Amino acid sequence: MNKDLENKIDEILTRGVNEVIKKDHLKERLLSGEKLRIKFGIDPTSPYLHLGRAIALLKLKDLQELGHKIVIIIGDFTGVIGDSSDKESERPILEKKTVEKNLKTYKDQIGKILDVDKVKFHRNSEWLKNLDYEEISKQADIFSLAEFIARDNIKKRLKDDSRISLRELLYPLMQGYDSVAVEADLEIGGTDQRFNLLSGREMQRTYKQKPQDILMVNLIEGTDGRKMSSSWGNTVNLLDEPNEMLGKIMSMGDELIIKYFIHCTRISMDEIRKMEDGMKDEKINPRDAKIKLAEEIVKIYHGQEEARKAKEYFISTFSERKIPDNVAPFPSPAPEISIIDYMISAGLAESKSDARRKIEQGGVSIDGEKITDPNKILDDSFSGKVVKVGKKDFVKIVF
RNA sequence: GGGUGGAUGGCAGAGUGGCCUAAUGCACCUGACUGUAAAUCAGGCGUCUUCGGACUUCGGCGGUUCAAAUCCGUCUCCACCCA
C-alpha cells in the first residue's frame, strides 16, 4: 500500500473532522481499494449553499478524487417536514414550490466543487412518498422517545416550553431511511446531524444492510463569529460575487483565519501551520494571511483570475481608499435633482430621512469631497463624478 | 372537550391609561481608531420637513375616554397545562 494514499486518507479522516464513527473500519475500507458509496444530504431550505456546507463538499471532493461514488440526496421530502436538529425553534414548513425553486440552483453550486457528472443525484421523495404506515411504524419502533428528547436542542426547547411537533420525530427516520435506499457505505454530515446520521446505521441494520460509517465535519462560525446560518445572514454563499465574497471574508475577526484555512481551502496543513506560527510570532501580519485566505476561497468558486481581480479591488478601494475604476453608472431620472433624491433612486439610501442622516453624519462624498448640504442640487456639471456613501457604496453620476 | 397565558419596531424583550417613537440587548447604518478588520468609542436607527415641527406605529376590527400599546367587546393566530 503506498504511503501517499495513506497520508491522503489520514488527512481526509482528520482535517476539519469532528468525529468518525468506526474510524478504523472506514480507514481500512478506504485503503482496500473498494469503491464506496458516499451519501450526503441537503435540505433545500434556502436557494443558497454557504461555506459551512462547503466543508462537507470539499470532503466529498477529496473522496471523489480517490474514485469513490458520491450520492447526493436532495431532501425535497424531508425539506417539507423540517429538521429540528440544527434549530432552536421549530423550522417553518416549506412550500413545495419553494423547495423546487431552491433545488434548481443546487447542481450549479455543487458543481463549483465536485465533478457533478460523476455524482449521482436523488430526491428522497423518490422513495419516501411511497412508504405506508406499516413500514413507518416498523421504522418508528427502532427509536424510543427518550433517545429523541435526550438531544440537547430538544431538551432546551422542552425546558423553554416551546413547541415540538410530532412531525419532527419523523425526521431522523426519513434521513435514516435515505441511507437504506441508496445503500450508503459512508455518510458525511455536520456535527449537528449526529442523531440523524446515527439513525442511518440503525435503519440499515433493521433492513439487513451493513451499517454505514459516519464522518462528521465541524461547523464553522459565520462572518460575525456566531454559528454560520442562513437565518442570521452571516453566511458566505457559494454564489456570492467575487468582490462580495472576498469582502465578507475580510470582514471576519482574525481569530477565524486558521480555522477557515483548514476547513474551507485545500492549502496544505504544513503551510497552514507555518502561517499560524508566523502570526503568533508576529512575523506574519494577519491582514496578509486573511487576504490570502480570501483569495484562496474566491479562487475555488470563481477561478484564479476573478480572485486576483477581487483582491486588487479590495486593496485599492479599502486599503488605499481609492475610488474604484469600474463604478456602475446610474443615470439621473431628471435634469436637475437633489442629492437626496438621487441617492434614493440610485439605491444608496432607503428613504429621504435615511439619505439626510447619511449626509449629516458625513458619510457622503462626491469625487472625494464631503457633502454637507443635504439640499445640494446635482445637474449635468456633475456628470461623470462618483458618489460615495459609507465605505463601500459607489455610483457614477450620469445625466 | 376544559383551563391558563400570550401576540409590542428586523429579532429578542420591557412597558398594563397621559412623561410612549415606546426601555434594554442583538442585528443594521454613519463617523473615529485600525491592518480592511475584530474589539472599542461617538452618533444614528418610522415617514415627511420650510428643521419650528407635522404625521404614522404596539395581531385585525369596533368601542370607552379629554387622552389607549395599556381598559372593554369581538375576531384571528400561537403556546402551555388538564382530560
Side-chain angles (χ1 to χ4, degrees), chain A residues 84 87-93 149 154 156-168 220-236 242-261 275 278-280 282-295 297-298 310-324 338-341 343-344 346-366 368-377 387-394:
Chain A
S84 47
K87 290 285 154 173
E88 268 140 46
S89 59
E90 194 170 7
R91 191 185 263 194
I93 298 156
I149 61 176
I154 300 289
K156 183 165 181 288
R157 283 168 58 191
L158 280 172
K159 197 169 144 261
D160 297 346
D161 278 349
S162 70
R163 186 183 133 95
I164 300 167
S165 98
L166 286 185
R167 171 205 287 274
E168 295 181 62
I220 203 164
E221 288 87 350
T223 49
D224 59 356
R226 298 186 295 169
K227 193 187 120 185
M228 188 178 280
S229 160
S230 312
S231 37
W232 279 339
N234 62 356
T235 62
V236 178
N243 284 340
E244 196 188 349
M245 190 182 271
L246 190 117
K248 279 185 184 174
I249 296 163
M250 291 307 283
S251 77
M252 296 186 321
D254 289 347
E255 61 286 350
L256 289 174
I257 295 176
I258 293 300
K259 187 162 188 187
Y260 266 65
F261 262 119
M275 264 188 281
M279 281 194 278
K280 239 177 242 159
E282 297 187 1
K283 282 184 189 131
I284 295 176
N285 186 335
R287 177 200 49 189
D288 298 330
K290 207 196 283 184
I291 203 155
K292 181 180 165 69
L293 167 71
E295 190 182 6
I297 292 176
V298 175
K311 176 175 144 185
E312 278 168 13
Y313 175 87
F314 188 88
I315 291 174
S316 119
T317 309
F318 296 99
S319 300
E320 299 169 8
R321 307 251 168 142
K322 280 190 199 153
I323 294 171
S338 71
I339 177 74
I340 285 178
D341 287 330
M343 282 169 68
I344 294 172
L348 295 169
E350 280 175 24
S351 66
K352 290 193 181 190
S353 301
D354 184 38
R356 211 177 291 266
R357 253 176 249 132
K358 285 180 160 120
I359 293 168
E360 278 165 6
Q361 294 178 132
V364 180
S365 63
I366 294 179
E369 209 172 305
K370 196 170 277 185
I371 303 300
T372 49
D373 176 14
N375 297 316
K376 190 174 186 72
I377 302 293
V387 189
K388 179 182 180 193
V389 176
K391 282 189 185 120
K392 57 182 197 309
D393 290 336
F394 298 91

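This structure is a prediction, so every number in the text was calculated from the model and none was measured. Computed from heavy atoms alone, side chains included, the values below leave out hydrogens, waters and symmetry copies. Letters A, B, ... mirror the listed sequences (proteins, then strands); counts begin at 1.
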Regarding A:Asp373 and A:Lys376, does a basic nitrogen lie under 4.0 Å from an acidic carboxylate oxygen? no
Where the chi angle of B:G52 falls, syn if within 90° of 0 and anti if not: syn
P gap between B:C51 and B:A42, integer Å: 30 Å
Distance, P atom - from B:C82 to B:C71, rounded to whole angstrom: 29 Å
Within a strict 4.5 Å, meaning less than it, do heavy atoms of the A:Ile257 and A:Pro286 side chains meet? yes
Partner set under ring pair (Phe, Tyr, Trp, His ring centres under 6.0 Å) for A:Tyr313, not counting sequence neighbours: none
Integer angstrom distance from the P of B:A67 to that of B:A27: 42 Å
When Watson-Crick pairs (N1 to N3 and N6-O4 or O6-N4) and G-U wobble pairs (N1-O2 and O6-N3) count only below 3.5 Å on both distances, what is the dot-bracket string of RNA chain B, with | for other-strand pairs? ((((((((.[[[..)..(.....]]].(((((.......))))).(((....)))...[[[[[..)....]]]]]))))))).
So if I apply the side chain to side chain contact (heavy atoms under 4.5 Å, CB included) rule between A:Ile359 and each of A:Ile340, A:Asn375, A:Thr372, which one comes out positive? A:Ile340
Inter-nucleotide C1' distance (B:C81, B:C28), Å rounded: 40 Å
RNA chain B nearest-nucleotide lookup for A:Ile344 and A:Asn285: closer to the 5′ end is A:Asn285
Ignoring backbone atoms, establish whether A:Arg356 has a side-chain N or O less than 4.0 Å from OP1 or OP2 of B:U49. yes
Of A:Glu360 and A:Ser351, the one whose closest RNA chain B nucleotide lies more 5': A:Ser351
Please report the distance, rounded to the nearest Å, between CD in A:Glu312 and P in B:U36. 16 Å
Rounded to the nearest angstrom, tell me the gap between atom CG in A:Asp341 and atom P in B:U49. 8 Å
Side-chain contact test, heavy atoms from C-beta onward, threshold under 4.5 Å: evaluate it for A:Thr235 versus A:Thr223 and give yes or no. no
A:Lys352 has an atom NZ; how far is it from atom P of B:U50, in whole Å? 9 Å
If we take the P atom in both B:C41 and B:A7, what is their distance in whole Å? 33 Å
Interatomic distance, A:Lys388 NZ vs B:C29 P [rounded to whole Å]: 15 Å
OP1 or OP2 of B:A37 sitting under 4.0 Å from any side-chain N/O of A:Ser251? no
Give the nucleotide from the list B:U36, B:U30, B:C45 with an atom nearest to the side chain of A:Arg357. B:C45
Expressed in whole Å, how much space separates the C1' atoms belonging to B:G25 and B:A32? 24 Å
What is the distance from CG of A:Asp393 to P of B:C29, rounded to the nearest Å? 9 Å
Any base atoms under 4.0 Å from A:Ser353, or only sugar-phosphate, or nothing? Heavy atoms, all strands. base
Can you check nucleotides 31-34 of chain B for protein contacts, nitrogen or oxygen pairs under 3.5 Å, and list what you find?
residue : atom : partner  : partner atom : Å
B:U34   : O4   : A:Arg321 : NH2          : 2.6

About how many Å separate CD of A:Glu295 and CE of A:Met250, when rounded to the nearest 0.5 Å? 10.5 Å
Between A:Lys292 and A:Asp288, is the closest basic N to carboxylate O distance under 4.0 Å? no
Close side-chain approach of A:Phe314 to A:Asn243, heavy-atom, < 4.5 Å: no
Rounded to whole angstroms, how far apart are CG on A:Asn375 and C1' on B:C51? 10 Å
Rounded to whole Å, the CD-P distance (A:Glu295 to B:U36) equals 16 Å
More than 12 heavy atoms of other residues, nucleotides or ligands under 6.0 Å from CD of A:Glu312: yes or no? yes
What I want to find out is whether A:Asp254 reaches A:Lys290 closely enough, with some N-O distance under 4.0 Å, to be called a salt bridge. yes
Specify the separation, in whole Å, of atom NZ of A:Lys290 and atom C1' of B:U36. 7 Å
Can you confirm whether the side chains of A:Asp341 and A:Ser338 place a donor and an acceptor under 3.5 Å from each other? yes
Taking the C1' atom of each, how far is B:G53 from B:C80, in whole Å? 48 Å
For B:G9 versus B:A69, give the span between their P atoms, rounded off to a whole number of Å. 14 Å
What pairs with A:Lys248 under salt bridge (charged side-chain N to carboxylate O under 4.0 Å, His left out), at least two apart in sequence or on another chain? A:Asp240, A:Glu244
Those residues that, when tested against A:Glu369, pass side-chain contact (heavy atoms from CB on, under 4.5 Å) (two or more places apart): none
Interface with RNA chain B, restricted to residues 254-261 of chain A and to heavy atoms under 4.0 Å: A:Asp254
